[in-house]
Chemist: 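Below is a structure I'd like to ask you about.
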Amino acid sequence: MTHAVSLTRYLVEQQRAGGLIPSQLRLLLEVVARACKSISLAVNKGALGGVLGTAESENVQGEIQKKLDIIANDVLIEANEWGGHLAAMASEEMEGIHLVPNRYPQGEFLLLFDPLDGSSNIDVNVSIGTIFSVLRKPEGPGVSEQDFLQAGSKQVAAGYCIYGPQTTLVLTVGAGVAMFTLDREQGSFVLTHEHVRVPEDTQEFAINMSNMRHWDAPMRRYIDECLQGKEGPRGKDFNMRWIASMVADVHRILTRGGVFMYPWDKREPEKAGKLRLMYEANPMGWLIEQAGGAATNGSQRILDITPGKLHERVSVMLGSKNEVERLRSYHEAAR
Ligand code: P6P
């Protein structure tokens, strides 16, 4: 029987082989994985744990916070403060950055996360997840919000943990994408997929169709052509999925291909999009690229965007390479 490869063994072997994982980063990833196990336990308790429903508070995004949003955020903060691997953290649920308290040693990494993405699905028992992104702190004393404002191409690690029928951690450190399924009997993440690849073509798209009348012309053109099926210019039928949980939609795309879109729309024209660049689009965009897919905002590669602020929003189109390229070309033709 082949021995199961734990997350710890995988990280040690990656550290030994590729040199992409310095010890502090390995500790960071193990701590984040342990925090995700705690979050998974809280999520799985649901009503029995008294964790459903809203927390009667709003986050910096102006969104009503769910109790589990706050629980997940607190778990990640507490787990990552003491290890000496981080200088600071940033979260969808917090307006400013969170410095590691002076009583602990400061590390060389910055951790950003959406502690519980898709939280509108919590109370209806649909898959949700934690998304995280790791940057290196720029040289120099101290740490500020400005240190976080790096393009997604500067990430040194990124991933998510999806809390669904299985709890699965999906991770890249720049050498492809690996998936680890939580073995609850052992209490450890076990390698279940390695060298994940996104098919370059697909017949499945993910978008919130109720916003169609608000999209710009290139996005409407792309979806119209998909809906025309094999009688139309695409010459093939398409299927649609929309889970309203980015982690779940991206996990499906990493598993069987597809294209995910949350484009700019005219409901709030001053906003580039709904999703956040630093802790949603960048980590998901890097995972998709590492698996052979592509990620654009319609005019440029998402990972090339230099952020102007921590909670910057962005238009997102990512997944099967040839579909993302078609979307990019339609937006270019319309400029
Ligand atoms: P809508 C969840 O709130 C989220 O940030 C993403 O996970 C998801 O893809 C999107 O918003 C869903 O948005 O407008 O369809 O509810």
Side-chain angles (χ1 to χ4, degrees), residues 36 39 43 52-55 57-73 90-94 112-133 158-164 168 170 204-216 219-220 223 240-255 258-269 271-288 293 295-298 302 310-319 324 327:
C36 290
I39 295 168
V43 167
L52 299 183
T54 60
S57 55
E58 267 192 11
N59 63 16
V60 64
Q61 326 286 343
E63 297 163 341
I64 296 290
Q65 291 177 304
K66 300 282 191 177
K67 288 177 190 166
L68 271 171
D69 283 324
I70 295 174
I71 292 167
N73 194 66
S91 165
E92 180 189 71
E93 301 303 329
M94 301 185 300
L112 303 95
F113 46 83
D114 180 354
L116 207 55
D117 177 72
S119 45
S120 62
N121 286 313
I122 293 174
D123 297 348
V124 295
N125 201 13
V126 169
S127 299
I128 50 184
T130 297
I131 308 173
F132 61 91
S133 170
Y160 62 83
C161 191
I162 179 168
Y163 312 115
T168 302
V170 181
E204 196 160 67
F205 66 85
I207 195 166
N208 183 337
M209 289 295 288
S210 69
N211 300 326
M212 190 164 196
R213 65 190 183 282
H214 304 305
W215 301 332
D216 61 16
M219 185 52 68
R220 284 203 310 276
I223 295 297
M240 194 210 92
R241 287 284 182 275
W242 185 249
I243 306 175
S245 173
M246 186 185 197
V247 171
D249 282 314
V250 169
H251 193 73
R252 186 190 57 256
I253 290 168
L254 281 171
T255 306
V259 58
F260 170 95
M261 296 151 281
Y262 211 113
W264 169 93
D265 71 49
K266 59 183 184 224
R267 288 176 295 173
E268 294 183 283
K271 288 182 182 174
K274 171 178 183 181
L275 302 181
R276 275 63 54 152
L277 174 64
M278 299 296 295
Y279 39 79
E280 289 175 332
N282 276 343
M284 293 310 210
W286 196 29
L287 283 165
I288 289 288
T296 179
N297 67 353
I302 281 185
L310 194 58
H311 299 291
E312 182 160 324
R313 294 172 188 267
V314 66
S315 177
V316 178
M317 301 158 220
L318 58 77
V324 175
L327 277 156

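In this text the structure is predicted, and so the values were computed from the model without any measurement. We count ligands from 1, going down the list as the structure has it; atoms in each ligand are counted the same way.
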Chemist: Looking at ligand 1, does any of its N/O atoms fall within less than 3.5 Å of an N/O of Trp242?
Modeler: yes
Chemist: Pull out every atom of ligand 1 sitting under 4.0 Å from any heavy atom of Phe260, numbered as shown with elements.
Modeler: 9 (O)
Chemist: Should we say atom CG of Asn125 is surrounded by more than 12 heavy atoms from elsewhere, each under 6.0 Å from it?
Modeler: no
Chemist: Checking Arg267 side chain against Trp264 main chain: does a donor-acceptor pair fall under 3.5 Å?
Modeler: no
Chemist: Is Asp117 close to ligand 1, meaning an N/O of one under 3.5 Å from an N/O of the other?
Modeler: yes
Chemist: Which heavy atom of Ile302 sits nearest a heavy atom of Ser315, and at what distance?
Modeler: CD1-O, 4.0 Å
Chemist: Do any nitrogen or oxygen atoms of Tyr262 lie less than 3.5 angstrom from nitrogen or oxygen atoms of ligand 1?
Modeler: yes
Chemist: Determine, using ring centers only, whether Phe205 and Trp242 are less than 6.0 Å apart.
Modeler: no
Chemist: Below 4.0 angstrom from a heavy atom of Glu280, which ligand 1 atoms are there? Numbered from 1 as shown, please.
Modeler: 5 (O)
Chemist: When you measure from the side chain of Asp216 to the backbone of Met219, do you find a donor-acceptor pair of N or O atoms at a distance under 3.5 Å?
Modeler: yes
Chemist: Between Ser119 and Asp69, is there a side-chain donor-acceptor contact under 3.5 Å, judged purely by atom types and distance?
Modeler: yes
Chemist: What part of Leu275 sits under 4.0 Å from ligand 1 if we count only heavy atoms: the side chain, the backbone, both or neither?
Modeler: side chain
Chemist: What atoms in ligand 1 come closer than 4.0 Å to a heavy atom of Arg276?
Modeler: 5 (O)
Chemist: Does the side chain of Met246 reach to within under 4.5 Å of the side chain of Asp114, using non-hydrogen atoms?
Modeler: no
Chemist: Using a 4.0 Å cut-off to any heavy atom of Gly118, which atoms of ligand 1 qualify?
Modeler: 2 (C), 7 (O)
Chemist: Quick check on contacts: which atoms of ligand 1 are under 4.0 angstrom from a heavy atom of Asn208?
Modeler: 1 (P), 14 (O), 15 (O)
Chemist: Taking all atoms of both residues into account, what is the closest heavy-atom pair of Gly319 and Val324, and its distance?
Modeler: N-CG2, 3.5 Å
Chemist: As a check for students: among Met246, Glu92, Met261, Lys274, identify the option with a heavy atom nearest to atom 12 (C) of ligand 1.
Modeler: Lys274
Chemist: Could you check whether any heavy atom of Ala244 sits closer than 4.0 Å to an atom of ligand 1, since that is the contact criterion I want to use?
Modeler: yes
